[in-house]
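In what follows, a single structure is set out as structure tokens and then discussed.
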Protein chains: 2
Amino acid sequence: MVGIKDVARQAGVSVGTVSNVINRPDLVAEETRTRVQSVIARLGYVRSESARQLRAGASRIMALLVLDMGNPFFVAVASGAERTARAAGLGVMVCNSAQSVSEEQEYLSLFAEQRVRGVLVTPADPTGRSLDGLRSQGIPFVLVDRVSADASVCSVSVDDVAGGRLAVQHLIAAGHRSIVYVGGPPEVTQVHDRKAGALAALAEAGLPADSLTEISAERLDVAAGRDAGSRLLGLGRRPTAVFCANDLLALGVLQAMFAARISVPDEMAIVGYDDIEFAAAAAVPLTSVRQPAVPMGRLAAEMLLEETVGDPAEHRHRQTVLQPELVVRGSSLPSR
Amino acid sequence: MVGIKDVARQAGVSVGTVSNVINRPDLVAEETRTRVQSVIARLGYVRSESARQLRAGASRIMALLVLDMGNPFFVAVASGAERTARAAGLGVMVCNSAQSVSEEQEYLSLFAEQRVRGVLVTPADPTGRSLDGLRSQGIPFVLVDRVSADASVCSVSVDDVAGGRLAVQHLIAAGHRSIVYVGGPPEVTQVHDRKAGALAALAEAGLPADSLTEISAERLDVAAGRDAGSRLLGLGRRPTAVFCANDLLALGVLQAMFAARISVPDEMAIVGYDDIEFAAAAAVPLTSVRQPAVPMGRLAAEMLLEETVGDPAEHRHRQTVLQPELVVRGSSLPSR
DNA sequence: GCGGATCGATGAAGCGATTCATTCGTTCGG
DNA sequence: CCGAACGAATGAATCGCTTCATCGATCCGC
């Protein structure tokens, strides 16, 4: 493997000069520069990032750890973050904790070993303990789709309470009085907040809290939604509407309704959450609470860059909260 | 940042011993080992991967470069590859070329600088020139979802001609005689091969080649499919069936039919390709050609590991071709 | 013609780990 | 009782690069 020394020898200059040609070309005389550059091209020299890193003390990589790469919502977040990071000259390492605390732990220590520049993370561990490692290593991080309890952490999130309220306000307005909330593992903040919003909407409309029944799915994916859908049909008094903690669940519920020949929206209205691309293409186009996923990724990356590139003392941690938006489609509109 | 020297000093041993405690614990006396380990824990020491790498000459990362992270098919490939790589102790860096040759180029040089252990790649550049860089750097790579022209490259792919044939045989059997193929950029091999399979099916059935009209989409995503769908409706003689080069296109076409109030499958049958999870959850569940995406990722990673871990001289390059499978659903079944 | 400024290039000192030849004690066999 | 053998720890060399103090050469002004 050809190194900087080989280039230096071939070009008849010192290694320092080769380094300057690469990193600060204006310090090198025209003639020398072109000579070195042509040797670099001829030998196919590629500088070793690890050696650079070792010297520099930090890598040029930003890590992104998401809960579920199978969820297009996170793919969208990733694309927003990636674009921003790459524009700043950083590579992005996207990893998937698959909602597992142990996978998350493994990835976080991998990141620490890599001395990544910073981490964007949607924590799987509800205790927040998993991030202590990063903190003690002094690796900056930004929470994505989560707000932190303490103000010493940057975060970008969407107002899930507002989103849940939007969804249920809409269902109430359409006349529904018996609604099921399909949630996920209760320790996931989103699941909790969206329900809180739903309850708030009921309260504001003067409806009793028991108008909302909760069904808890094992995981937040389509298969779990299918399962929740069939459990829902087993309920004593069948509800007329379902609000799901995300679109994957909603699509699963929709499939279950389809299989049981229950008409959506006439016999069962469905509202999802995230407004992933596939929501609009679903069996019945899905009403959903849209989250600004791409901007979220972008903002998170920007905050991290600010913390990491600028003067750290000058950085002010902040918690950005974005607003969701209801997108009404066929799954909740009474057919004419 | 605490380094190995700090640990050594605190534990009253040499750096070499600390290194041994970490990498070859059995070489170190019990008592010393535990002492060092406790100091490591106390100081929160994390070894620097870049220093290791510099010494070792190669990193512990496998790169995966896919065409479109928005396509769940590639997400599935990634998950297969990731599981395998991590089981072998390698990290995975998943990147998205978004079908752009220049992005691809950028990522490949990033990989070269990182001295990644190997690369799994679905090339965006149809000339295959983009991989010359890897070759000349001696970085092993495996083509995913592509077969290479020359036998000196490992690849894992699915028989796209067979897949196209399956799809169109099915449509012919259902009585369709005027079929549209929604393809993508013609230089994409998959798009070409699936069409070739379609034509083969026509020929085998004794039908004229002009039973198949091609509409070429700009890109292989839902929006392009929507667009292709409306163009399709503008054709002089409206076809009775569409075969799409992938499911995203098919979902887009489906949306266009929906918008134009054209019944699927009665007025228009649709067959997609990939059988992504969302195909089954679509407006009308989508008939699709299933590709074994997860096994493809797994196999590709295994081949790369074989090439990279074992004795390179001993490695035999091979081209694995998997078989697709037709999954029939509502979008191509005449309703009763 | 000489001191000082300027420009280009040099070469050595690290960055943080791994590795291996070496050293230092102990123990054991003869 | 001595040398060999062995176990445990050492410490220096090394990986490839960046950086910075330094050095040489050229040029300018007085």
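First the proteins, then the strands, lettered A, B, ... as listed; each starts at 1.
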Within the structure shown, what part of the strands sits under 4.0 Å from [X] by heavy-atom distance: base, sugar-phosphate, or nothing?
X      : answer
R47(B) : sugar-phosphate
S48(B) : sugar-phosphate
R24(A) : sugar-phosphate
V18(A) : nothing
G3(B)  : sugar-phosphate

Looking only at side-chain atoms of [X], point me to the closest of [options].
X      : options                   : result
T32(A) : dG8(C), dT10(D), dC15(D)  : dG8(C)
R52(A) : dT19(D), dG11(C), dT18(D) : dT18(D)
S19(B) : dT19(C), dC15(C), dA9(D)  : dT19(C)

What I want to find out is whether E113(A) reaches R47(B) closely enough, with some N-O distance under 4.0 Å, to be called a salt bridge. yes

Sidechain N-carboxylate O distance under 4.0 Å for R117(A), E307(A): no

Could you check E30(A) against V15(A) and say which one's nearest nucleotide on DNA chain C is further toward the 5' end? E30(A)

Between R33(B) and dA8(D), is there a side-chain N or O to OP1/OP2 distance below 4.0 Å? no

Quick one: is dT10(C) close enough that its OP1 or OP2 comes under 4.0 Å of any side-chain N or O from S14(A)? yes

Return the value, rounded to whole Å, for the distance between atom [atom1] of [X] and atom [atom2] of [N].
X      : N       : atom1 : atom2 : result
M1(B)  : dG16(C) : CE    : P     : 10 Å
N20(A) : dT19(D) : CG    : P     : 9 Å
N23(B) : dC20(C) : CG    : C1'   : 14 Å

Applying side chain to side chain contact (heavy atoms under 4.5 Å, CB included) between L64(B) and each of V121(B), L304(B), T122(B), L120(B), report the one that passes. L120(B)

